[in-house]
Protein chains: 2
Amino acid sequence: MSDAEPSTWQAVRDAVLARIHAREWPPGAPIPNEADLAAELGCARATVNRALRALAEEGLIERRRRAGSRVAAHPVRKATFAIPVIRREIEARGATYSHLLLAMARDRAPTAVRARLGLSEDTRMLHVETLHLADGRAHAHEDRWVNLAAVPEIARADLSAISANEWLVANVPFTRGDFTFAAENAGPTLARNLDCTEGAALLVLERTTWNVALPITWMRLSHAPGYRMHTEI
Amino acid sequence: MSDAEPSTWQAVRDAVLARIHAREWPPGAPIPNEADLAAELGCARATVNRALRALAEEGLIERRRRAGSRVAAHPVRKATFAIPVIRREIEARGATYSHLLLAMARDRAPTAVRARLGLSEDTRMLHVETLHLADGRAHAHEDRWVNLAAVPEIARADLSAISANEWLVANVPFTRGDFTFAAENAGPTLARNLDCTEGAALLVLERTTWNVALPITWMRLSHAPGYRMHTEI
DNA sequence: CAGTGGTCTAGACCACAAG
DNA sequence: TTGTGGTCTAGACCACTGG
């Protein structure tokens, strides 16, 4: 039959993958149970389990107790984006990073921001505006509101030396985040900051961050025109 | 000390997570080795391994043989986007899906597309233009080139009944994909197709797909203005 | 109720890279 | 060289859920 005893979970994964790709097990079809597969491939059930779990995490098969495993009918492949510190993202491209602290003040957050964070009207917040530069040219504009009740220490940080982005990543743990990608036309202020024409299409990333149930910060990152976010499967 | 015997890998994961969040093990700090942790928490090393592997996959810790595990200095959290069949994405929002086959013809692909796929100039390709609709309103415009040498059967498919997107997902296995997100201003043609103003900012997704080394298809999906892609960590 | 995946264990060997 | 993670095994029990 197949090759001699795989016995490593990667080999089991590849064997299953091969049958899926060969349409021996077409989309929607059931896969033999772990015990049978283990017997057939000559390895322990735990090894098969490890392989099938990996495939399930990739979205290629679906597993349910008692119901067994089947090939995903609609292979929802998952693309994963790394959300790094902006400085490191820029330096990874071989460019030089710098940033400008455009504004920083305690203020009352706009209703939309408070709603996102689930905060009441009178919560004290810190508003920080930062321009991130790559090789001296505008890379992205960051508009951020920080919940001072959750992170009072940031008021004493020198955000012109370390960007708010990096300070928060290094100093404040978070457990949950919420991301939204959108495309927006540059308004007059953003156009000036990003040194681009008004109306240019910008890739905008909005992020809300919590530590368990405690809202930490809301951020909107507007990238300069031409920015492309890339990933592979 | 800590709570009584976790003994489940999620409990081990949470215990480690708690110490990381409490800065007991700050970013960059080493974590005890698996054997020690297992002894301390009163469980098998395999259980600790399972927990630490999960944390490593999330990007919260870094593991290296012989060097041990340490808390990630720059927690590169990973946001994963599901890339579903467009019809299902729309139906999941409770809207009704439909699509229009705008154009379909054998043609020579533009240089840029051929370059992306690594194909020679005289490769026969199928060009398909599709408009995806949600509740009858334009959702996204799909511009697609399919490598006929890899997928000859698609020439006989009725792409007005099943979108090329869905037909390919159901009928052609792929092993590797390449994604790019960008923001672009709508040109006159796209503006007409998407029923929006010229210059509107569009979220554009480009995707190239291979089966092992065989190029399958290149696609550009331009979403109507206002579309937001969302994910959580 | 019973079959399937989910997990834990104890022990073992291996591969890799830091010192 | 040697400590650390990576993995496999055989056996066991549990949790969930479909019939």
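Per chain, numbering begins at 1; letters A, B, ... match sequence-line order.
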Listed partners of N33(B) passing side-chain hydrogen bond (donor to acceptor under 3.5 Å, both in side chains), at least two apart: none
Interatomic distance, R64(B) CZ vs dG19(C) C1' [rounded to whole Å]: 13 Å
Over all atoms of both residues, closest heavy-atom pair of M104(B) and I154(B): CE-O, 4.4 Å
Atom-to-atom span, CD1 of I31(A) to C1' of dG5(C) - whole angstrom: 13 Å
Strand-adjacent residues in residues 44-62 of chain A, judged by heavy atoms under 4.0 Å from DNA chain C: R45(A), N49(A)
S69(A) side-chain N/O to dT4(C) phosphate OP1/OP2 under 4.0 Å: no
Carboxylate-amine/guanidinium contact R63(B) E34(B), below 4.0 Å: yes
Distance in angstrom units between N33(B) CG and dA18(C) C1', rounded: 15 Å
Integer-rounded Å distance: dT9(D) P and L41(A) CG: 11 Å
Side-chain heavy-atom pair W167(A), V151(A) within 4.5 angstrom cut-off: yes
Aromatic plane relationship, F181(A) with F181(B) - under 30° parallel, 30 to 60° tilted, over 60° perpendicular: parallel
Whole-Å distance separating the CD atom of E34(A) from the C1' atom of dT9(D): 15 Å
Euclidean distance, atom CD of residue Q10(B) to atom P of dC14(D) [Å, nearest integer]: 17 Å
Separation of dA17(C) C1' from R65(B) CZ (nearest whole Å): 9 Å
Distance-only donor-acceptor test (3.5 Å): side chain R66(B), base dT2(D): yes
Lys/Arg-Asp/Glu bridge criterion (N-O < 4.0 Å) met for E206(B), R228(A): yes
Gap between atoms CH2 and C1', on W9(B) and dT9(C) respectively (whole Å): 17 Å
